[in-house]
Amino acid sequence: MTAVGFSCGHGASADEPGALLLRRHCPLCSLLEETQRTRAELVGRAAPPDRRRVAAETRVGAVYSWQCPRGHDRYDASVVEVLTSQACAKCRRNAEAPTVAREGGIASMNAGLRTRTSVTEQRLRALLEARLRIPRGVNTIRVNRMFYGKQEVWPDIIVPALRVAVEYDDPGRTRRAHRGLKEVSDSDKDAALAEVGWAVIRVRAAGLESLGENSIVCARLTDDVADRIVERMRVLRGAEAVDSISVARP
């Protein structure tokens with residue numbers, strides 16, 4: 001079997017005899033980039049005996065022992081499961097409890113939430129705020145499933161009066177963002193919100209393909225895109241509901 005090394009420094013070393021060196025990141029580092037996680041964060045979630053191996057791992061399907069951040073029992077899972085799907089078994093059972101399910105769909109403010117907001121996302125908010133009254137203090141929605149280890153999601157823009165969330169997706173500088181596994185994650189997020197009565201409108205820009213009927217495909221963000229978002233809200237929630245939060249425009 002040929003040893004393979006990657007530009008991220010993982011895998012075979014350059015001085016290893018017969019090693020094949022590839023000018024790209026290993027599959028695990030690529031997944032971390034897609035899901036906006038770091039290797040250090042992943043290592044911190046692993047059980048102590050496995051941390052050294054996780055730090056050097058290249059495979060997304062490799063199975064390790066992980067520790068639940070809520071203090072539940074350790075559990076075994078692949079790297080890709082830890083990064084893109086459910087958490088430990090007890091967390092999943094807790095998420096399915098009837099009392100928890102009644103909280104699904106509640107939008108609120110998480111003061112400790114720290115998310116990165118791009119200039120384009122800020123411009124999208126400004127365009128929509130010129131058309132609709134959108135509260136700025138609301139940044140999270142409770143869902144009835146675990147999503148990246150939490151039972152809440154953080155859309156770019158939340159419109160509680162309509163129970164509509166707006167997301168902006170583009171491939172970024174790497175041209176790989178919101179593609180592949182991250183696209184699957186985006187679809188899972190939309191499904192989690194749909195389960196609790198929310199609709200998601202996704203702006204898919206700069207070459208990204210549609211993810212469904214609520215996708216607005218465009219080359220770049222413009223006033224017309226904002227108008228199309230509002231029009232889609234009318235289709236989803238009715239003209240009267242949208243008009244009730246509309247901003248009078250000169």
Side-chain angles (χ1 to χ4, degrees), residues 6-8 10 22-39 41-42 58-61 79-85 114-132 134 139 141 143 147-148 153-159 162 164-194 198-237 242:
F6 300 90
S7 62
C8 57
H10 298 110
L22 302 180
R23 298 177 61 184
R24 60 179 174 83
H25 285 182
C26 72
L28 178 48
C29 283
S30 296
L31 177 59
L32 287 167
E33 183 179 357
E34 281 190 19
T35 55
Q36 298 184 13
R37 299 299 194 273
T38 66
R39 178 77 65 152
E41 181 182 353
L42 183 66
T58 63
R59 303 164 299 164
V60 298
V79 173
V80 70
E81 288 171 336
V82 169
L83 287 173
T84 64
S85 62
R114 296 291 181 268
T115 57
R116 289 174 287 181
T117 303
S118 69
V119 173
T120 308
E121 289 169 2
Q122 293 174 25
R123 181 163 180 258
L124 175 58
R125 173 174 283 276
L127 288 171
L128 290 178
E129 287 179 341
R131 293 160 171 78
L132 304 171
I134 302 174
N139 60 2
I141 302 171
V143 292
F147 189 79
Y148 287 118
V153 296
W154 320 280
D156 295 332
I157 299 171
I158 298 174
V159 189
L162 303 178
V164 170
V166 181
E167 299 273 27
Y168 176 82
D169 305 336
D170 69 33
R173 294 180 180 178
T174 65
R175 310 305 297 172
R176 295 195 301 270
H178 293 285
R179 288 190 165 113
L181 286 168
K182 187 59 172 68
E183 184 175 295
V184 174
S185 174
D186 289 338
S187 295
D188 286 346
K189 184 179 182 179
D190 295 354
L193 284 165
W198 283 72
V200 181
I201 299 174
R202 282 194 176 273
V203 178
R204 303 279 291 174
L208 294 181
E209 297 179 354
S210 171
L211 292 185
E213 61 182 359
N214 288 338
S215 292
I216 295 177
V217 178
C218 61
R220 58 189 178 85
L221 185 59
T222 62
D223 281 283
D224 176 67
V225 170
D227 289 337
R228 290 166 63 189
I229 293 172
V230 174
E231 187 56 37
R232 187 63 195 168
M233 290 178 180
R234 291 177 181 275
V235 172
L236 291 168
R237 299 301 188 232
V242 176

Pair Val159-Met233, side chain to side chain contact (heavy atoms under 4.5 Å, CB included): steps then yes or no: CA-CA 10 Å; Val159 189; Met233 290 178 180; 4.0 Å; yes
Residues Glu41, Leu32; criterion side chain to side chain contact (heavy atoms under 4.5 Å, CB included); working and verdict: CA-CA 10 Å; Glu41 181 182 353; Leu32 287 167; over 6 Å; no
Side chain to side chain contact (heavy atoms under 4.5 Å, CB included) between Asp190 and Asn214, worked out: CA-CA 10 Å; Asp190 295 354; Asn214 288 338; over 6 Å; no
Candidate pair Leu83 and Val60, rule side chain to side chain contact (heavy atoms under 4.5 Å, CB included), full reasoning: CA-CA 9 Å; Leu83 287 173; Val60 298; over 6 Å; no
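Among all heavy-atom pairs drawn from Leu211 and Arg202, the shortest one is CD1-CD, 3.8 Å. Between Trp198 and Ala165, the closest heavy-atom pair is CE3-N, 4.0 Å. Between Glu129 and Ile134, the closest heavy-atom pair is OE2-O, 4.1 Å. In plain terms, the two heavy atoms of Leu127 and Arg131 that are nearest each other are O-NH1, 2.8 Å. Across all non-hydrogen atoms, the minimal contact from Ile201 to Ile216 is CG2-CD1, 3.9 Å. When all heavy atoms of Leu128 and Ala226 are compared, the pair lying nearest together is CD2-O, 4.1 Å.
From Ile229, atom CD1 reaches atom CG of Leu221 across 7.0 Å, with rounding to the nearest 0.5 Å. In this structure, Glu231 CD and Leu236 CG are separated by 10.5 Å, a value rounded to the nearest 0.5 Å. In this structure, Arg123 CZ and Tyr168 OH are separated by 9.5 Å, a value rounded to the nearest 0.5 Å. One distance of note links CG of Asp223 with CZ of Arg228; it measures 13.0 Å at 0.5 Å rounding. If you take CG on Asp156 and CG on Asn139, they are separated by 11.5 Å, rounding to the nearest 0.5 Å.
The only option from Val166, Leu193, Val200 that meets the side chain to side chain contact (heavy atoms under 4.5 Å, CB included) definition with Pro155 turns out to be Leu193.
For the pair Thr120 and Arg220, the minimum side-chain heavy-atom distance is 4.5 Å or more. Contact annotation: the side chain of His10 never approaches that of His25 to less than 4.5 Å [non-hydrogen atoms, C-beta and beyond].
In this structure, the side chain of Arg204 engages the main chain of Glu209 through a donor-acceptor pair within 3.5 Å. Ser7 places no side-chain N or O within 3.5 Å of a backbone atom of Arg23 that could act as its donor or acceptor partner. Checking side-chain atoms of Arg237 against main-chain N and O of Leu162 turns up a donor-acceptor pair under 3.5 Å.
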